[in-house]
Number of protein chains: 2
Amino acid sequence: MAKILESVPNYSVGTDERIIEKIVEPFRRNNDVKLLDYSADSDHNRLVVTNVGSPDGLFESTLESIGIAVDRIDMNEHTGEHPRMGAVDVVPFTPVRNVTMEEAVELAKRLGKEAGNRFDLPVYLYEEAATKPERKNLAEIRKGEFEGFSEKITRPKWKPDFGPDKIHPTAGVTAIGARKPLVAFNVNLRTDELTIARDIARKIRHSNGGLRYCKAMGVDLEARGVVQVSMNMTDYTQTSLQQAFELIRVEANRHGVEIKGSEIVGLVPSDALIEVAKHYLRLEDFSADQVIENRLLEDL
Amino acid sequence: MAKILESVPNYSVGTDERIIEKIVEPFRRNNDVKLLDYSADSDHNRLVVTNVGSPDGLFESTLESIGIAVDRIDMNEHTGEHPRMGAVDVVPFTPVRNVTMEEAVELAKRLGKEAGNRFDLPVYLYEEAATKPERKNLAEIRKGEFEGFSEKITRPKWKPDFGPDKIHPTAGVTAIGARKPLVAFNVNLRTDELTIARDIARKIRHSNGGLRYCKAMGVDLEARGVVQVSMNMTDYTQTSLQQAFELIRVEANRHGVEIKGSEIVGLVPSDALIEVAKHYLRLEDFSADQVIENRLLEDL
């Protein structure tokens with residue numbers, strides 16, 4: 001039963017194909033890692049890479065990839081819409097199979113320590129790997145971005161977990177952490193009134209009294225003439241997709257609006273969808289062992 | 001991308017642990033086969049083995065296992081509730097991953113031919129592998145059972161596809177075939193009136209005008225004080241679990257009865273449940289590639 005994690009490192013490069021290819025090459029080459037996807041975006045000027053693999057495979061390939069990005073990317077010349085603080089902006093690890101959250105945290109710490117030492121790179125541990133409560137939230141760490149970090153890093157509160165106490169002159173600082181799998185789940189409404197999507201988003205999200213593991217905002221999909229409740233489900237094992245869906249249905253109904261459809265962006269663990277099926281079919285005594293694919297994966 | 005099929009051979013032995021262990025041993029030993037489950041039942045006097053594996057791995061291990069069963073089981077001494085016609089009663093192959101139905105049929109024919117020659121065993125190909133329309137349905141082939149086959153096999157219409165034209169004196173005859181994955185899906189009703197379950201079963205099953213790939217019967221679960229609509233979904237890609245569930249809900253409602261819950265017996269492909277989730281969440285543009293487990297299995 002192989003241990004498998006997902007990692008989704010984000011790099012501050014959006015257009016230079018030569019650098020992008022060099023950064024993903026260590027993942028492509030490693031036999032214990034599968035490069036699932038990578039996409040760069042010139043607006044955000046950002047490269048997002050999705051890998052699955054063993055702890056050691058991900059450690060080695062990510063370390064090598066960080067070295068390449070630190071060498072090649074100069075943050076002094078970087079602009080883009082997405083907030084960022086380093087050449088390797090953030091590296092999240094997520095348990096996928098036969099891996100505990102503790103092991104994912106361990107991997108984040110091991111990588112942070114080695115990258116900090118080897119590349120003179122300040123590293124902050126975040127989310128489940130955070131060493132202080134104020135470092136759990138990546139947005140809190142990133143505040144000030146690359147330009148503000150020369151000063152921020154000198155404050156005792158923001159002393160890095162690994163690496164030197166001053167920013168890397170070209171690569172800035174990096175956040176490495178562990179988190180639960182996140183499902184990007186959007187529900188589209190049969191209306192073009194953005195205020196309705198925003199109102200529903202407020203009702204269902206945790207920050208305003210809604211579901212514990214749901215972040216939500218209202219978005220206008222102008223080209224399609226509908227509005228959307230765009231969600232990040234940050235722990236589908238606790239807050240299910242169907243809870244969010246049904247709560248949106250109830251709130252939309254209050255506005256006399258129907259749900260048009262929904263979409264999942266990017267990857268999703270099969271469990272998240274199987275839970276939905278179990279709910280609506282009222283399945284009793286169902287075990288994950290009954291799913292053929294889970295049995296096949298035991299051998300991986 | 002490895003080719004993977006499921007096979008569920010049925011043997012006419014229910015209690016003799018020594019023989020049972022010998023029969024499953026070739027599956028246990030083969031590196032290209034994973035023995036998922038085996039269970040024997042003294043009432044039915046029958047052993048059901050579930051394996052997944054490569055075409056070659058399943059060919060070799062099943063052939064060896066058939067040889068052992070033919071050697072050790074004497075049908076002249078066999079009784080049991082389940083209809084049967086041979087020591088190896090039936091061997092169905094089902095495509096699981098990267099395998100077409102044609103390849104499953106090919107495997108059934110290859111195994112049938114070799115088993116027929118090697119063990120002097122008459123073999124009938126059935127379901128998708130059938131060579132005549134009247135041999136598609138296993139129940140049609142099996143009619144007469146072991147006791148009646150000495151005569152039945154002499155009729156030109158029932159000349160075996162492989163092996164000799166007379167029954168094996170101790171092992172009888174065997175059916176080998178290919179079929180789509182079958183999901184055993186039961187829905188329990190909040191009533192103890194068996195007539196209601198029977199009525200609903202009649203309404204939803206194909207044979208009485210219901211869903212194309214649904215077999216159904218009403219069952220009394222006395223110990224639990226409820227009745228059940230017990231179904232075999234014979235092609236969930238065409239007739240979905242949610243279609244059966246919702247149709248049962250409608251018919252039950254007509255009797256003023258609620259659905260208590262449902263259950264899936266044995267294995268189920270993740271696709272069958274993901275389709276349910278897609279339906280109820282109204283998911284648009286969802287691709288099987290978005291399921292992490294499907295990506296992991298690409299490497300198997």
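In what follows, chains are A, B, ... by sequence order, proteins preceding strands, each numbered from 1.
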Toward chain B, the part of A:V187 with a non-hydrogen atom under 4.5 Å: neither
Are A:I292 and B:R97 close enough that some pair of their side-chain heavy atoms sits under 4.5 Å apart? no
Within the distance-only criterion (no hydrogens, no angle test), does the side chain of A:E293 pair as donor or acceptor with the backbone N or O of B:S270 below 3.5 angstrom? yes
Check residues 273-281 of chain B and write down every donor-acceptor pair under 3.5 Å in which the side-chain atom is one partner and the other belongs to a residue at least two apart or another chain.
residue, atom, partner, partner atom, Å
B:E275, OE2, B:K278, NZ, 3.2
B:Y280, OH, B:E246, OE2, 2.5

Should A:R224 and B:E284 count as an ion pair when the cut-off is N to O under 4.0 Å? yes
Can you tell me which portion of A:N188 sits under 4.5 Å from chain B's heavy atoms? Options are side chain, backbone, both or neither. side chain
Spacing of B:L36 atom CG and A:Q290 atom CD [to the nearest 0.5 Å]: 12.0 Å
Step through the shown structure and confirm whether more than 12 heavy atoms of other residues, nucleotides or ligands are within 6.0 Å of NZ on A:K203. yes
Please indicate whether B:R29 has more than 12 foreign heavy atoms, meaning atoms of other residues, nucleotides or ligands, lying under 6.0 Å from its CZ. yes
Against chain B, residues from residues 47-59 of chain A with at least one heavy atom under 4.5 Å, in numeric order, are A:V52
Hey, what do you get for CG (A:L297) to CG (B:L296), rounding to the nearest 0.5 Å? 5.5 Å
From B:I264 CD1 over to A:S287 OG, what is the distance, rounded to the nearest 0.5 angstrom? 11.5 Å
Report the C-alpha separation of B:I259 and A:R282 in whole Å, then their side-chain angles, then the decisive distance to 0.1 Å, and conclude whether the side-chain contact (heavy atoms from CB on, under 4.5 Å) test is met. CA-CA 9 Å; B:I259 290 177; A:R282 305 186 193 176; 3.8 Å; yes
